[in-house]
Amino acid sequence: MKKAVVLMSGGLDSCVTAGIASLDYELYFLHVNYGQKTEKRELKSFNDLYKHFNGRDKLTVDIGYLKKIGGSSLVDDKENIEAGNVERKDIPRTYVPFRNGNILSIGVSWAEVIGAQKIFIGAVAEDSSGYPDCRKEFYDAFNEVLKVGLKPETELSIETPIIDMTKSEIVKFGSELNVPFHLTWSCYKNEIKACGVCDSCLLRLRGFEKAGIKDPIPYYKANSSVED
């Protein structure tokens with residue numbers, strides 16, 4: 001089979017993306033620790049999902065320099081994770097400056113070495129927290145860079161199969177693919193029970209509720225406040 005690197009955080013979106021990639025590719029899972037507050041729990045989900053999807057190989061990379069650089073409540077130990085707001089228009093403090101650019105660069109390096117044809121990332125534009133590195137134009141531009149930044153014989157592109165979906169559409173599609181939602185973790189704040197109030201939890205809960213599917217992970221508070 002053709003090879004694909006899947007950038008796997010361990011969350012809902014990357015899980016569904018892996019399910020999509022598994023239909024046509026042999027999977028190589030990449031996980032990045034960057035000093036995020038739920039680093040240990042995300043790593044557990046990554047390893048569990050790797051086993052579930054029978055990945056061909058996996059790579060875990062530590063880039064703690066993003067924590068040293070700071071600029072985000074996800075990595076700043078002195079800053080609390082703010083309460084979520086699914087109607088937010090500004091970029092939240094949980095945004096880690098150019099995180100996806102850093103992760104993609106690592107994925108590209110590995111993909112070129114192993115001869116992968118694709119890099120899959122579970123970026124979502126419409127129903128996300130408004131992060132600038134989750135927009136379609138960002139990945140279109142990155143693909144243009146790959147055309148000039150790799151060996152001439154390397155054929156590699158970034159795939160964002162769920163970027164135009166809402167969370168409820170992602171949940172429904174994942175259910176159709178029978179992906180293991182119970183192995184995923186999306187909370188920005190907690191590692192035992194999801195907080196249910198950060199942006200990531202609220203978006204996830206709203207997605208499951210609108211899809212009419214029960215979210216299988218445990219929450220301290222599970223009120224999505226769905227409003228159409």
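This chain uses plain numbering: 1 for the first residue, then up along the sequence.
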Check: Do the side chain of W185 and the main chain of A194 share a donor and acceptor less than 3.5 angstrom apart?
Finding: no
Check: Any donor-acceptor pair under 3.5 Å linking the side chain of S105 with the backbone of G101?
Finding: yes
Next item on the list: Output yes when E82 and R93 qualify as a salt bridge under the 4.0 Å nitrogen-oxygen rule, no when they do not.
Entry: no
Item checked: S200 and S186 side chains, donor-acceptor separation under 3.5 Å -> no
Check: With sequence neighbours excluded, what pairs up with K147 under the salt bridge (charged side-chain N to carboxylate O under 4.0 Å, His left out) test?
Finding: E144
Notebook entry, point to check: Tell me, do S73 and T94 make a side-chain contact under 4.5 Å, heavy atoms counted?
Noted result: yes
Note to self: Side chains of M165 and V16, heavy atoms from C-beta outward: is any pair under 4.5 Å?
What the structure shows: no
Check: Any chain of hydrophobic side-chain contacts (each under 4.5 Å) joining M1 to V113?
Finding: no
Next item on the list: Please check if the side chain of D48 supplies one atom and the backbone of L183 the other of a donor-acceptor pair under 3.5 Å.
Entry: no
Next item on the list: Can you label the angle between the Y131 ring and the Y95 ring as parallel, tilted or perpendicular, going by 30° and 60°?
Entry: tilted
Margin query: Do V197 and Y219 sit in one hydrophobic cluster, given that two such residues count as connected whenever their side-chain heavy atoms are within less than 4.5 Å of each other, even indirectly?
Written below: no
Check: Can you name the side-chain hydrogen bond (donor to acceptor under 3.5 Å, both in side chains) partners of D13, sequence neighbours left out?
Finding: K167
Notebook entry, point to check: Who pairs with D164 by side-chain hydrogen bond (donor to acceptor under 3.5 Å, both in side chains), at least two apart in sequence or on another chain?
Noted result: none
Next item on the list: Not counting sequence neighbours, list each pair that qualifies as a ring-ring contact (aromatic ring centres under 6.0 Å, His included) and has a residue in residues 139-175.
Entry: F138-F142
Next item on the list: Mark yes when over 12 heavy atoms from residues, nucleotides or ligands other than K189 sit less than 6.0 Å from its NZ; otherwise mark no.
Entry: no
Check: If only atom types and distance count, is the side chain of T184 paired as donor or acceptor with the main-chain N or O of P180 below 3.5 Å?
Finding: no
Check: Does Y25 have any ring-ring contact (aromatic ring centres under 6.0 Å, His included) partners at least two apart in sequence or in another chain, and if so, which?
Finding: F120
Notebook entry, point to check: Do E159 and T17 have side-chain heavy atoms sitting under 4.5 Å apart?
Noted result: no
Margin query: Any non-hydrogen side-chain atom of Q36 less than 4.5 Å from a side-chain atom of L66?
Written below: no
Item checked: Residues in side-chain hydrogen bond (donor to acceptor under 3.5 Å, both in side chains) contact with N54, at least two apart in sequence or another chain -> none
Notebook entry, point to check: Any donor and acceptor pair, going by atom type alone, linking the side chain of N33 with main-chain N or O of V61 inside 3.5 Å?
Noted result: no
Check: Linking I/L/V/M/F/W/Y whenever their side-chain heavy atoms sit closer than 4.5 Å, directly or via other members, would F181 and I192 fall into one cluster?
Finding: no
Checklist line | Salt-bridge present (E191, K40; N to O < 4.0 Å) | finding: no
Notebook entry, point to check: Does V108 belong to the same Ile/Leu/Val/Met/Phe/Trp/Tyr cluster as V145, with side-chain heavy atoms less than 4.5 Å apart forming each link?
Noted result: no
Notebook entry, point to check: Quick one: which of N143, L150, V5 gives a side-chain contact (heavy atoms from CB on, under 4.5 Å) with L156?
Noted result: L150
Check: Quick check: does any side chain N or O of E155 sit under 3.5 Å from a backbone N or O of E153, one acting as donor and the other as acceptor?
Finding: no
Checklist line | Flag side-chain contact, heavy atom, 4.5 Å: K3 against Y28 | finding: yes
Next item on the list: Following the transitive rule for hydrophobic clusters with a side-chain heavy-atom cut-off under 4.5 Å over Ile, Leu, Val, Met, Phe, Trp and Tyr, establish whether L74 and Y65 coincide in one cluster.
Entry: yes
